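Please read all numbers here as calculations on a predicted model, not as lab measurements.
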Amino acid sequence: MTLCTAPEIKDAYDDVRNATDWMLLEFVDDRKDELKVACTGSTGLDGLKSELKDNAAAFGYIRMAMANDELSQRTKFVFLAWCGPQTRVMRRAKLSVQKAEVKNVLRNFSIEIAASETSELDAKSIMLQLKKAGGANYDRQTSNY
């Protein structure tokens, strides 16, 4: 498959790994199974959510800062498979296979989220998922999970 052949995809991925908050990959058009970097940003999760379209499928890669306390600051990454509620049927049908290919390029992430509504992308719930995926939680006394 030639889904992720554009060199700017790898560049945008490296940017998120180093500094940028997020990147969004969209299909070149409704018919082609080829991705392009739609946009990148340093505006946090809300910036990415504002770029998601109801009639499109896309893949996101998000950098999030996580901490159990003031001394244990670390960066975690989230892989997003977006399928808007009005996405075409054939695009929806191919998405699970295409997601596997995208994950071969966007390799390093702590959690994967599949969403079709922006309300499913709540920062608090994502942080909770990241904490659960993170293993040992020495802040357990003050945690609600």
Side-chain angles (χ1 to χ4, degrees), residues 1 3-28 30 33-89 91-145:
M1 293 179 96
L3 194 62
C4 298
T5 57
E8 61 267 15
I9 293 174
K10 176 76 168 88
D11 294 340
Y13 170 70
D14 289 340
D15 285 345
V16 175
R17 297 285 304 163
N18 295 313
T20 307
D21 284 351
W22 54 267
M23 66 181 277
L24 185 65
L25 303 178
E26 290 181 343
F27 290 90
V28 173
D30 280 344
D33 290 336
E34 183 181 335
L35 290 170
K36 66 177 180 176
V37 176
C39 50
T40 61
S42 295
T43 52
L45 183 60
D46 289 334
L48 174 68
K49 286 168 51 173
S50 71
E51 297 292 334
L52 298 172
K53 300 175 184 147
D54 285 344
N55 63 347
F59 299 98
Y61 191 66
I62 310 157
R63 163 192 281 272
M64 297 190 80
M66 188 180 108
N68 285 345
D69 57 42
E70 64 277 353
L71 299 175
S72 63
Q73 302 286 327
R74 56 198 182 275
T75 300
K76 297 292 182 180
F77 297 92
V78 178
F79 176 78
L80 169 66
W82 170 259
C83 186
Q86 299 162 5
T87 302
R88 297 173 64 129
V89 174
R91 180 62 69 206
R92 284 178 183 268
K94 295 178 183 179
L95 208 54
S96 65
V97 174
Q98 293 169 333
K99 178 171 69 171
E101 185 176 344
V102 174
K103 286 165 58 174
N104 284 331
V105 177
L106 309 180
R107 293 178 181 260
N108 299 309
F109 53 90
S110 298
I111 61 170
E112 176 182 332
I113 298 174
S116 58
E117 298 285 341
T118 56
S119 61
E120 297 173 281
L121 300 173
D122 175 59
K124 285 184 181 180
S125 65
I126 291 172
M127 289 306 286
L128 181 59
Q129 289 179 54
L130 285 170
K131 279 188 175 187
K132 287 180 178 180
N137 181 7
Y138 300 110
D139 194 29
R140 186 89 182 178
Q141 300 87 325
T142 60
S143 176
N144 290 329
Y145 72 89

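- In this structure, R88 contributes its side chain and N55 its backbone to no donor-acceptor pair below 3.5 Å.
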Apply side-chain contact (heavy atoms from CB on, under 4.5 Å) to the pair V102 and L3, showing each step before the final yes or no.
CA-CA 8 Å; V102 174; L3 194 62; 3.8 Å; yes
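- Across all their heavy atoms, L121 and L45 have their closest contact at O-CD2, 3.6 Å.
- One N or O on the side chain of R91 and one on the backbone of D30 form a donor-acceptor pair closer than 3.5 Å.
- With respect to the salt-bridge test (charged N to carboxylate O, under 4.0 angstrom), the residues D33 and K94 qualify.
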The test is side-chain contact (heavy atoms from CB on, under 4.5 Å); show your working for K103 and F79 and say whether it passes.
CA-CA 8 Å; K103 286 165 58 174; F79 176 78; 3.7 Å; yes
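- For the residue pair T40 and A12, the shortest heavy atom distance occurs at CG2-CB, 4.1 Å.
- A heavy-atom distance below 4.5 Å is not found between the side chains of W82 and T87.
- Side chain of R63 to main chain of V16: a donor-acceptor pair is present (N/O by atom type, distance under 3.5 Å, no hydrogens or angles).
- Taking each heavy atom of I113 and V78 in turn, the nearest pair found is CD1-CG1, 3.7 Å.
- The closest side-chain heavy-atom distance from L106 to L25 is below 4.5 Å.
- Judged as a side-chain contact (heavy atoms from CB on, under 4.5 Å), and not counting sequence neighbours, the contacts of R17 are Y13, Y61, F77, N108.
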For M64 and I126, run side-chain contact (heavy atoms from CB on, under 4.5 Å): C-alpha distance rounded to whole Å, both residues' side-chain angles, the deciding distance at 0.1 Å, then the answer.
CA-CA 9 Å; M64 297 190 80; I126 291 172; 3.4 Å; yes
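- E101 places no side-chain N or O within donor-acceptor distance of the main-chain N or O of V97, the cut-off being under 3.5 Å.
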